[in-house]
Colleague: 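Pasting in a structure now, in structure tokens, and then I'll have a few things to ask.
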Amino acid sequence: MDKKDKIKWISVVLLAFVAIDLWNGNTYHYTNVASMLYLAFVVLVILGILFLDRQNYKKFTTSFSVIAIGFVIVFIIGGLMSSKIFNSKSYANVIGPVKQVEFADLYSSDHQIEMSYVDKESAILAAEKKVGELSDLSSRFELDVAEFSQINYQGEMVRIAPFQYTDIFKEYINFGAGVPYYVIVNTGEGNLNAQAEIVTLDEPMKYYPGAPLQYDLHRHVAMRHKFSYIDDWFFEIDDAGHPYWVVQGITKRVGLWGAKDMNNLIVVDAVTGETTNYGLDEIPDWVDSVYPTDMLMDQAKSHYTLKGGYFNSIFQQQGVMAVDSDEGAYNYVSIDDEIYIFAGIRPIKLDSSSTTGLLFMNRRTGEAMELSLPGVSLTSAQDTAVGSIQEKGYVPTTPTLQNVGGFPTYVMSLKDQSGVVRGLAYVNYQDYTKSAVGDTPAQTEKLYLSVMGSQTGLVPSDVETITGTLTDVRQVMIDGNTQYLFKVEGKDTIYQASLILDDRLAFMNSGTVITFEATQTKVTKVISLQ
């Protein structure tokens with residue numbers, strides 16, 4: 001092959017490389033082994049063309065083989081440098097320091113903890129029902145359920161998802177028009193059933209996963225951040241409701257290609273396509289989904305299996321712990337307006353029905369907390385709930401841990417076959433035989449505390465016994481339950497009591513003398529009414 005032919009074939013290879021690069025949205029980073037293998041292949045092809053000598057194939061084969069073997073050796077050394085066999089302690093430490101916490105501290109009044117009674121499946125059903133009410137909308141668009149994100153929005157737990165065109169034909173016919181809708185599902189505030197709202201944007205979202213040509217999210221980000229290691233992305237909205245994509249920039253913490261971890265965050269305006277690259281200490285306050293769940297769980301698994309060494313994790317297994325996320329048993333909880341994922345942890349040889357503690361991992365900061373408190377696993381709590389409502393055929397959602405009357409308690413919704421929440425189940429974290437099922441949070445809590453009897457909870461309640469004359473009484477409905485708000489002479493506090501607590505509350509009037517117990521503003525027991 002003469003020089004002219006070589007230039008022609010190298011040009012063909014380079015053109016093919018550029019076309020594939022643009023279409024696939026390739027990025028290149030030394031910690032991304034797939035991108036390095038691809039580059040090595042392209043370089044070898046070009047070198048093969050350069051060294052090809054039809055007059056001396058033996059010389060060509062020798063030269064090319066040396067170079068190819070050199071690449072293989074580099075990748076083998078890189079793989080060994082990144083292996084768990086030689087770097088077990090490094091893998092175990094990627095998670096960072098695991099803070100030890102007590103239930104009484106984490107679940108005290110010093111922290112605002114919110115759970116959702118609505119799981120992802122119920123949120124999707126509520127959203128799709130809302131879409132179905134708008135015939136013009138549902139004929140062109142559908143929910144992108146793969147992008148359903150759990151976030152905190154204006155202090156409340158919600159799930160959000162963008163819309164997408166129903167088929168690729170409509171997508172290309174409306175090229176550049178974008179998608180003007182997303183759905184927001186309120187899953188917090190004690191709601192048993194999801195409340196969905198369709199948001200119509202003043203300007204449509206032009207950039208999203210799978211959009212045509214230059215509007216495709218991955219392709220768009222890759223063109224602007226060619227040397228970042230782009231991984232996953234999440235759909236989010238800021239406090240004003242403006243849509244964004246948050247794209248994870250990845251690095252490897254062990255050797256060249258071991259232990260995936262966050263490096264930076266690329267925030268993409270879904271409307272304009274503007275991208276901003278943030279360091280981990282610069283991320284805007286409204287962003288919740290920084291660390292992907294699978295990354296956090298991989299780090300947790302490495303921490304609890306490899307901290308005693310690689311061979312110990314296989315043979316002796318001293319101190320090796322299992323993370324229940326391996327069984328898909330994990331959930332989310334909001335602590336001080338930040339989303340945490342939590343799962344049970346236990347010695348690897350312990351039956352999976354029990355835990356020796358719970359691991360909480362912050363999806364925004366990646367920080368981990370371990371609650372060292374023996375109890376039952378999330379799946380065992382679900383099994384207990386199923387046993388209590390077997391005749392009704394209800395299905396329990398994945399439990400979340402709450403402080404109910406000072407007791408660590410698994411709380412879960414009970415759904416019928418249509419996905420509608422019909423009730424709640426409370427199961428004591430430390431003793432699964434102590435459980436209760438009810439139709440409302442107030443009713444279930446009353447039944448559960450009755451089951452717990454006079455036992456002392458882990459979180460001491462500041463119970464105050466008050467006697468006084470009522471100066472004002474108002475009856476209100478909260479989440480379908482009758483509640484009484486009242487004031488006592490000589491106090492500015494407004495107390496709240498549920499009718500489920502005591503039927504005598506219905507006969508209260510201004511001038512009634514009442515003796516009751518209360519924790520802050522919540523009445524927990526009515527002693528007497530005169």
Colleague: Using a 3.5 Å cut-off and no angle test, enumerate the donor-acceptor pairs between side-chain atoms of residues 254-265 and protein atoms at least two apart in sequence or in another chain.
Modeller:
unit_1, atom_1, unit_2, atom_2, d
Trp257, NE1, Tyr30, O, 2.8
Lys260, NZ, Asp231, OD1, 3.3
Asp261, OD1, Gln299, NE2, 3.0
Asp261, OD2, Arg253, NE, 3.0
Asn264, ND2, Asn277, OD1, 2.9

Colleague: What is the minimum heavy-atom distance between Ala300 and Leu359, and which atoms define it?
Modeller: CB-CD2, 3.5 Å
Colleague: Side chains of Val185 and Gln195: does their closest heavy-atom pair fall under 4.5 Å?
Modeller: no
Colleague: Kindly give the heavy-atom pair with the smallest separation between Ile113 and Leu106, and that separation in Å.
Modeller: CD1-O, 3.4 Å
Colleague: Would you list the pairs meeting salt bridge (Lys or Arg N to Asp or Glu O under 4.0 Å) in which at least one residue belongs to residues 408-418, sequence neighbours left out?
Modeller: Asp119-Lys415, Asp416-Arg422
Colleague: Give a yes-or-no answer on whether the side chains of Ser289 and Glu236 include a donor-acceptor pair shorter than 3.5 Å.
Modeller: yes
Colleague: Please find the pair of heavy atoms, one from Leu447 and one from Gly438, that lie closest to each other, and give the distance.
Modeller: CD1-CA, 4.5 Å
Colleague: Could you check whether any side-chain heavy atom of Ile198 comes within less than 4.5 Å of a side-chain heavy atom of Phe163, counting everything from C-beta outward?
Modeller: yes
Colleague: What pair of heavy atoms forms the shortest contact from Gly344 to Leu378, and how long is it?
Modeller: N-CD1, 4.4 Å
Colleague: Under a 3.5 Å distance rule, please check whether Thr512 uses its side chain to pair with a backbone N or O of Gln530 as donor and acceptor.
Modeller: no
Colleague: Of all the heavy-atom pairs spanning Ala497 and Phe486, show the shortest one and how long it is.
Modeller: CB-CE2, 4.2 Å
Colleague: Enter the distance from Tyr244:OH to Ile237:CD1 here, rounded to the nearest 0.5 Å.
Modeller: 11.0 Å
Colleague: Taking side chain as C-beta onward, heavy atoms only, is Val523 less than 4.5 Å from Glu517?
Modeller: no
Colleague: Can the ring centroids of Tyr291 and Phe234 be said to lie less than 6.0 angstrom from one another?
Modeller: no
Colleague: Is there side-chain contact between Ser528 and Ile514, with at least one heavy-atom pair below 4.5 Å?
Modeller: no
Colleague: Considering residues at least two apart in sequence or located in another chain, which fulfil the side-chain hydrogen bond (donor to acceptor under 3.5 Å, both in side chains) criterion with Tyr429?
Modeller: Thr355
Colleague: Arg159 versus Ser149: any side-chain heavy-atom pair under 4.5 Å?
Modeller: no
Colleague: Report, as yes or no, whether the 6.0 Å neighbourhood of atom NZ on Lys307 holds more than 12 heavy atoms from other residues, nucleotides or ligands.
Modeller: yes
Colleague: With Thr384, which residues qualify under side-chain contact (heavy atoms from CB on, under 4.5 Å), at least two apart?
Modeller: Val427, Tyr432, Ser435
Colleague: Using the salt bridge (Lys or Arg N to Asp or Glu O under 4.0 Å) rule, collect all pairs that involve residues 489-498, keeping only residues at least two apart or in two chains.
Modeller: Glu464-Lys491
Colleague: For Ile527, look at atom CD1 and say whether over 12 heavy atoms of other residues, nucleotides or ligands are found less than 6.0 Å away.
Modeller: yes
Colleague: Under 3.5 Å, is there a donor-acceptor pair linking the side chains of Gln316 and Gln318?
Modeller: yes
Colleague: Salt bridge (charged side-chain N to carboxylate O under 4.0 Å, His left out) with Asp288: which residues, sequence neighbours excluded?
Modeller: none
Colleague: With the side chain counted from C-beta on, respond yes when Val183 and Val131 share a heavy-atom pair under 4.5 Å apart, and no when they do not.
Modeller: no
Colleague: Over all heavy atoms of both residues, which pair between Phe342 and Pro399 is shortest? Give the atoms and the distance, please.
Modeller: CZ-O, 3.6 Å
Colleague: Could you check Tyr448 against Thr409 for side-chain hydrogen bond (donor to acceptor under 3.5 Å, both in side chains), going step by step and ending with a plain yes or no?
Modeller: CA-CA 10 Å; Tyr448 175 71; Thr409 306; 2.7 Å; yes
Colleague: Filter on salt bridge (Lys or Arg N to Asp or Glu O under 4.0 Å), then keep only pairs touching residues 438-453, sequence neighbours left out; what's left?
Modeller: Glu445-Lys522
Colleague: Which residues pass the side-chain contact (heavy atoms from CB on, under 4.5 Å) test with Thr444, sequence neighbours left out?
Modeller: Leu424, Tyr426
Colleague: Determine whether the side chains of Ser334 and Asn152 contain a donor N or O and an acceptor N or O closer than 3.5 Å.
Modeller: yes
Colleague: With a 4.5 Å cut-off on side-chain heavy atoms, are Ile230 and His29 touching?
Modeller: no
Colleague: Check for a donor-acceptor pair, side chain of Thr515 on one end and backbone N or O of Thr465 on the other, with a separation under 3.5 Å.
Modeller: no
Colleague: Does Glu338 have any side-chain contact (heavy atoms from CB on, under 4.5 Å) partners at least two apart in sequence or in another chain, and if so, which?
Modeller: Tyr340, Asn362, Arg364, Thr365
Colleague: By the salt bridge (Lys or Arg N to Asp or Glu O under 4.0 Å) test, which pairs, at least two apart or in different chains, include something from residues 372-386?
Modeller: none
Colleague: Pair Lys434, Asp431 - check salt bridge (Lys or Arg N to Asp or Glu O under 4.0 Å), show working.
Modeller: CA-CA 6 Å; Lys434 302 287 194 303; Asp431 183 357; 3.2 Å; yes
Colleague: With heavy-atom distances below 4.5 Å as the criterion, would you say the side chains of Val459 and Phe103 are in contact?
Modeller: yes
Colleague: Are Trp245 and Tyr208 near enough that their ring centres are under 6.0 Å apart?
Modeller: no
Colleague: Glu102: which residues meet the side-chain contact (heavy atoms from CB on, under 4.5 Å) condition with it, sequence neighbours left out?
Modeller: Asp105
Colleague: What side-chain donor-acceptor pairs closer than 3.5 Å can you find for residues 91-99, not counting sequence neighbours?
Modeller:
unit_1, atom_1, unit_2, atom_2, d
Tyr91, OH, Ser82, O, 2.4
Asn93, ND2, Lys89, O, 3.1

Colleague: Can a side-chain donor-acceptor contact be found between Gln100 and Ser372 if the only test is distance below 3.5 angstrom?
Modeller: yes
